[in-house]
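Take a look at the structure set out below.
Positions are given from 1, in the same order as the sequence printed here. Atoms considered below: every heavy atom in the structure, side chains included; atoms not considered: hydrogens, waters and symmetry mates.
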Amino acid sequence: MLGVDLAGRDVLMVGGGAVTARRLVRLLDEGARVRVVAPEVCDDVRAAIATHGLSWTPRRVRRGDIGAAWLVHTATGDQRVDADVAAMAERLRVLCVNASDGAHGTARLTAQARSGDVLVGVVSDAGVDPRRAGRVRDAIGALLREGRLPVRRRRKSAAGRVDLVGGGPGPTDLMTVRGRRLLAEADVVVADRLGPIDVIDELDADVEVIDVGKRPGHHPVPQEEINAILVAHARAGRRVVRLKGGDPFVYGRGGEEVAACLAAGVPVDVVPGLTSVVSVPQAAGIPITHRGVAASVHIVNGQAETSPSTVAALADPSVTTVVLMGVAALPRLIAVARGAGVPDDRPVAIIESGHTAQQRTTRSTLAQVLGDAAAVGVRNPAVIVIGDVARAELLMPSPTWAGDALR
């Protein structure tokens, strides 16, 4: 099997039917310069011709059409015509894919799966069996998406980069496919405390893992040093994943890390993650918006000073206020809310360790939540939800949601 680069090279498509339509898109994605020769074309091929400005010659193929091509793909629907095209291509020493009978062409398109810059092609050398190849391709593709195949680069390269990956609320299977793939390719992982820890155990033994996790009031690695770590490893030609809990741009200081990389001339990208603003309440059966109950959401960093906009959100019954890193700030927030005239019966929910085996939900009201939180010993990490969506009976008359300690 031979990998052929068709970018910028002439590819002749003979025939204008459904097979041509499917294969044409793939060849265009590879950067090929595609020409079509066919008396008629189907709607999908016609649309591709118009969209991409392709050359279409509306007649039967001739010998002269083939000579200028690097690759010929023939799919006229007529086996005899396709065989003639394949024979002409062979006499002219031009590779040809014969879609009517792949065993009689000089080239075959593989069933392919991609993971970043790794392309895996599946083909049989004992006759053509596209369904079999497709099933094998799908199985390999699933392993690639799960980060279970060894796709790390083994040759040193000067082209290092940084990818900020949102790990979501914790479970590995709530990460994005792209995040898993980038972790499988990483040489260095700079990890936070609340990222998906289990996925780190799956990394190769020689992947360098740097723990920069922060805890409330305890920041062992200052942000400026984290920025410097990312830049230094990328400049050394390494693929660096900055693994964060939740989403990098939701109180994750991801913007500062991106700015540091850009200032240093280091390629950087951001992979979004499932933010705890949404996912942790969801784990307790709390929708942060709900028709007729809450139409908007206000997100609060509990460690910051209470702003006028937060006071307004707490006072508005149609707004859900979601507080991150707010356990220590809960007395202050409750005092602000009551001072703004928020009713004492406004529902409050505190979800600790969402999406883990230790998840616990305490439901209360504005007037009682401080006592209830103290009684059960609420601890970080926790997400606090203030608003009518936190009512226990909102989604079901007798709540039985796992992890709830109902009050």
Next item on the list: Assess whether atom CD of Glu202 is packed by more than 12 heavy atoms of other residues, nucleotides or ligands within 6.0 Å.
Entry: yes

Margin query: Distance alone, cut at 3.5 Å: any donor-acceptor contact between the side chains of Asp78 and Thr76?
Written below: no

Notebook entry, point to check: Are the side chains of Ile200 and Leu243 in touch, meaning some heavy atoms are under 4.5 Å apart?
Noted result: yes

Item checked: Ile350 side chain near Thr361 side chain, heavy-atom distance below 4.5 Å -> no

Checklist line | Shortest non-hydrogen contact between Glu30 and Gln112, atoms and distance | finding: OE2-NE2, 4.0 Å

Next item on the list: State which residue, out of Val37, Leu12, Val97, fulfils the side chain to side chain contact (heavy atoms under 4.5 Å, CB included) condition with Val72.
Entry: Leu12

Note to self: If you count every heavy atom of other residues, nucleotides or ligands that lies below 6.0 Å from Arg178 atom CZ, does the total exceed 12?
What the structure shows: no

Next item on the list: Would you indicate whether Arg135, at its atom CZ, is surrounded by more than 12 heavy atoms from other residues, nucleotides or ligands within a distance under 6.0 Å?
Entry: no

Note to self: Minimum heavy-atom separation for Val268 and Arg161, please, with both atom names.
What the structure shows: C-NH2, 3.9 Å

Note to self: Looking at Arg59, I'd like to know if its CZ atom is crowded, meaning that more than 12 non-hydrogen atoms belonging to other residues, nucleotides or ligands lie closer than 6.0 Å.
What the structure shows: yes

Note to self: Please evaluate residues Arg253 and Glu257 with respect to the criterion salt bridge (charged side-chain N to carboxylate O under 4.0 Å, His left out), reporting the C-alpha separation (whole Å), side-chain torsions for both, the decisive distance (0.1 Å), and the verdict.
What the structure shows: CA-CA 7 Å; Arg253 304 190 73 170; Glu257 294 168 359; over 6 Å; no

Next item on the list: Check Ala18 against Cys42 and note the closest heavy-atom contact, atom names and distance.
Entry: N-SG, 4.2 Å

Check: So which of Asp316, Thr321, Thr310 actually passes side-chain hydrogen bond (donor to acceptor under 3.5 Å, both in side chains) with His298?
Finding: Thr310

Item checked: Considering all heavy atoms, the nearest Thr110-Gly121 contact -> OG1-CA, 3.6 Å

Next item on the list: Taking atom types as modelled, find out whether Asp82 and Thr74 have a side-chain donor-acceptor pair closer than 3.5 angstrom.
Entry: yes

Next item on the list: Please check if atom CH2 in Trp70 has more than 12 non-hydrogen atoms from other residues, nucleotides or ligands closer than 6.0 Å.
Entry: no

Checklist line | From Leu27, Val41, Val45, residue fulfilling side chain to side chain contact (heavy atoms under 4.5 Å, CB included) relative to Thr20 | finding: Val45

Notebook entry, point to check: Is a side-chain donor-acceptor pair under 3.5 Å present for Ser276 with Ser279?
Noted result: no

Checklist line | Asp65 versus Arg60, closest heavy-atom pair with distance | finding: OD2-O, 4.3 Å

Notebook entry, point to check: Would Asp44 and Arg46 count as a salt bridge (charged side-chain N to carboxylate O under 4.0 Å, His left out) if you check the C-alpha gap in whole Å, the side-chain angles of each, and the deciding distance to 0.1 Å?
Noted result: CA-CA 5 Å; Asp44 287 343; Arg46 189 183 301 275; over 6 Å; no

Check: Hey, is CG on Asp43 packed in by over 12 heavy atoms from elsewhere, all under 6.0 Å?
Finding: no

Notebook entry, point to check: Is it true that the side chains of Thr306 and Arg332 contain a donor and an acceptor less than 3.5 Å apart?
Noted result: yes

Check: What is the minimum heavy-atom distance between Thr320 and Ala294, and which atoms define it?
Finding: OG1-CB, 3.2 Å

Notebook entry, point to check: Does one side chain, of Ser364 or Asp372, offer a donor that lies under 3.5 Å from an acceptor on the other?
Noted result: yes

